[in-house]
Amino acid sequence: MRRVILIALLAIMAVALTACGSGTKEVTSATNNAKVFTTGTPTKEIPSVKWYTFYRGVLGLVAATWVDYPELMVNANLCESIVRAQPDYSIVPGLANFVVSDDYKTYTYTLRDGAAFWNGAPVTAQDVLFSIKANTTPPFGGANFQIADEIASMNAVDDKTVKIELKFSDINFNGLLAGTSGKIYEKKQAKTAGDKWGSPGVGVECTGPYKLGEWDPATSLTITRNDTYWGPDFKPLAKEVVFTWPQEPTMVKTAFETGELTGGWNVPPSVIAPLQSSGSGQMFVGASDTAVQMYALIVADVKKGNLADPRMRQAISLLIDRNAVASKIYNGAA
């Protein structure tokens, strides 16, 4: 294993990337012709991975509250959703199997055998009901309010089964629960934590293949392999992952070159060129047709003032030298 596996991507979804370099391949899936990026098949256990957590530290572990890269990156390894999105965008069972009615208005989820939290407690329908409500309504899940607005009713059929009736047909609803709205947490732990739920020193109780280790909000967060993981789907080969977030670009560059960081995603643009030529590891950059880094000019009022004239907005757009932004600000990685 090379000392540094560095991923510098400007795309929102890594599964949509193409790549070049030794030991990589691109596979076109039969589902939606999605491009799946992989660096190869792992072969042996390693004791630890030290991972660069993008642009800031982790603020909380309830994914629906933050819906941002640092929190989502950590939470994805800790907390499972009721269904799971595959790299080819297909939806498969996660914590639960599912049945969808022909009119896409009724979704029934039955927890898989053995589904359990880190503490060994079985996942119940009440945990599912609590979690989906918490993930889609304030104070923790306000960002997913549109999902809550779709739901007409949500009830436990028995201890392992939840039925959700929608107000209208939605063929995509199942996919929505593959994200933060479908994350399942232990109701008992969350209720005990109150408004501190997910915070440092309190954390969450989840079901995933990793569980929460030490968390210093100023410097790092460690997750450790859950050797009693309930499911057959994953068996992590890294015994722990230490997420850390140095901010000064020179520190980031030095950490990668010395092995203090063994991997990372979306590094500071100013260090892309020096790291590409350092020989300390590998960098993968998404192809130009898959990079979706976006900038937006937000116009507060288009009914009055200079920006009310669409020609003025078009003129501002034409003034932006996009090639210069890509080559100078992002060192060609955009």
Side-chain angles (χ1 to χ4, degrees), residues 12-15 51 53-87 89 91-96 109 115 117-118 123 127-151 154 162 164 172-213 215 217 220-224 226 229 231 233-234 236 241 243 245 265-266:
I12 296 297
M13 298 186 70
V15 294
W51 194 259
T53 315
F54 200 8
Y55 69 101
R56 62 164 173 78
V58 177
L59 301 178
L61 291 181
V62 180
T65 300
W66 303 99
V67 198
D68 200 2
Y69 297 115
E71 290 77 21
L72 295 180
M73 190 182 300
V74 173
N75 183 280
N77 293 280
L78 299 175
C79 304
E80 297 179 288
S81 297
I82 195 167
V83 296
R84 182 179 301 130
Q86 297 290 80
Y89 304 111
I91 303 299
V92 299
L95 276 171
Y109 301 94
F117 294 105
W118 301 325
V123 183
D127 294 309
V128 174
L129 292 174
F130 163 80
S131 297
I132 294 177
K133 182 176 180 180
N135 292 335
T136 58
T137 59
F140 293 100
N144 293 325
F145 74 93
Q146 291 175 312
I147 298 171
D149 285 348
E150 288 194 35
I151 297 174
M154 183 167 56
V162 169
I164 299 177
N172 294 315
F173 183 79
N174 214 22
L176 296 176
L177 293 190
T180 61
S181 59
K183 294 280 184 178
I184 303 303
Y185 306 89
E186 187 185 44
K187 177 181 178 180
K188 180 180 178 180
Q189 187 269 344
K191 287 291 189 180
T192 300
D195 60 4
K196 300 293 185 181
W197 185 38
S199 64
V202 177
V204 293
E205 184 70 32
C206 285
T207 66
Y210 283 92
K211 55 187 178 181
L212 181 62
W215 183 5
S220 64
L221 182 151
T222 299
I223 61 175
T224 61
N226 176 18
Y229 175 62
D233 304 315
F234 304 110
V241 181
F243 295 94
W245 39 84
W265 176 76
N266 219 335

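Remark: the backbone N or O of I223 is not paired with any side-chain donor or acceptor of W215 at under 3.5 angstrom. Checking side-chain atoms of S181 against main-chain N and O of T136 turns up no donor-acceptor pair under 3.5 Å. Distance alone, capped at 3.5 Å, places no donor-acceptor pair between the K187 side chain and the F130 backbone.
We find the CG-CD1 distance between N144 and I132 to be 11.0 Å, quoted to the nearest 0.5 Å. Going from atom CG of L95 over to atom CZ of R84 covers 7.5 Å, rounded to the nearest 0.5 Å. Taking CH2 from W265 and OG1 from T53, the interatomic distance works out to 11.0 Å, rounded to the nearest 0.5 Å. How far CZ of F234 is from CD of E80: 6.5 Å, rounded to the nearest 0.5 Å. Here the straight-line distance linking atom CG of L78 with atom CD of E205 works out to 10.5 Å at 0.5 Å rounding.
Listed here is the closest heavy atom pair of A178 and S81: O-OG, 3.3 Å. Taking every heavy atom of both residues into account, N77 and F243 meet most closely at ND2-CZ, 4.0 Å. Between L212 and G203, the closest heavy-atom pair is CD2-CA, 4.2 Å. Taking every heavy atom of both residues into account, F117 and D127 meet most closely at CE1-OD2, 3.4 Å. In terms of heavy-atom proximity, T65 sits nearest to F140 at OG1-O, 2.8 Å. When all heavy atoms are compared, the tightest approach of N75 to L61 is ND2-O, 2.8 Å.
Here the side chains of Y210 and N226 are not in contact, with every heavy-atom distance at 4.5 Å or above. With contacts defined as side-chain heavy-atom distances shorter than 4.5 Å, the pair Y69/N266 does not qualify. Side-chain contact between Y109 and V128 is absent, with no heavy-atom pair separated by less than 4.5 Å. A heavy-atom distance below 4.5 Å is not found between the side chains of V162 and I82. At least one side-chain heavy atom of V204 sits less than 4.5 Å from a side-chain heavy atom of V62. For the pair E150 and L176, the minimum side-chain heavy-atom distance is below 4.5 Å. Within the 4.5 Å cutoff, the side chain of F173 has heavy atoms near those of the I151 side chain. Taking 4.5 Å as the limit, some side-chain heavy atom of P70 sits within range of a side-chain heavy atom of Y55.
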Next on the checklist: Run the salt bridge (Lys or Arg N to Asp or Glu O under 4.0 Å) test on R56 and E71 for me, step by step, so that the C-alpha distance in whole Å, both residues' side-chain angles and the decisive distance to 0.1 Å come before the verdict.
Outcome noted: CA-CA 10 Å; R56 62 164 173 78; E71 290 77 21; 2.6 Å; yes

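With sequence neighbours excluded, the residues satisfying side-chain contact (heavy atoms from CB on, under 4.5 Å) with S131 are N135, I184, Y185.
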Show me, pair by pair, the donor-acceptor contacts under 3.5 angstrom made by side chains of residues 191-201, not counting sequence neighbours?
| residue | atom | partner | partner atom | Å |
| --- | --- | --- | --- | --- |
| T192 | OG1 | K188 | O | 2.9 |
| W197 | NE1 | Q189 | OE1 | 3.4 |
| S199 | OG | K196 | O | 2.5 |

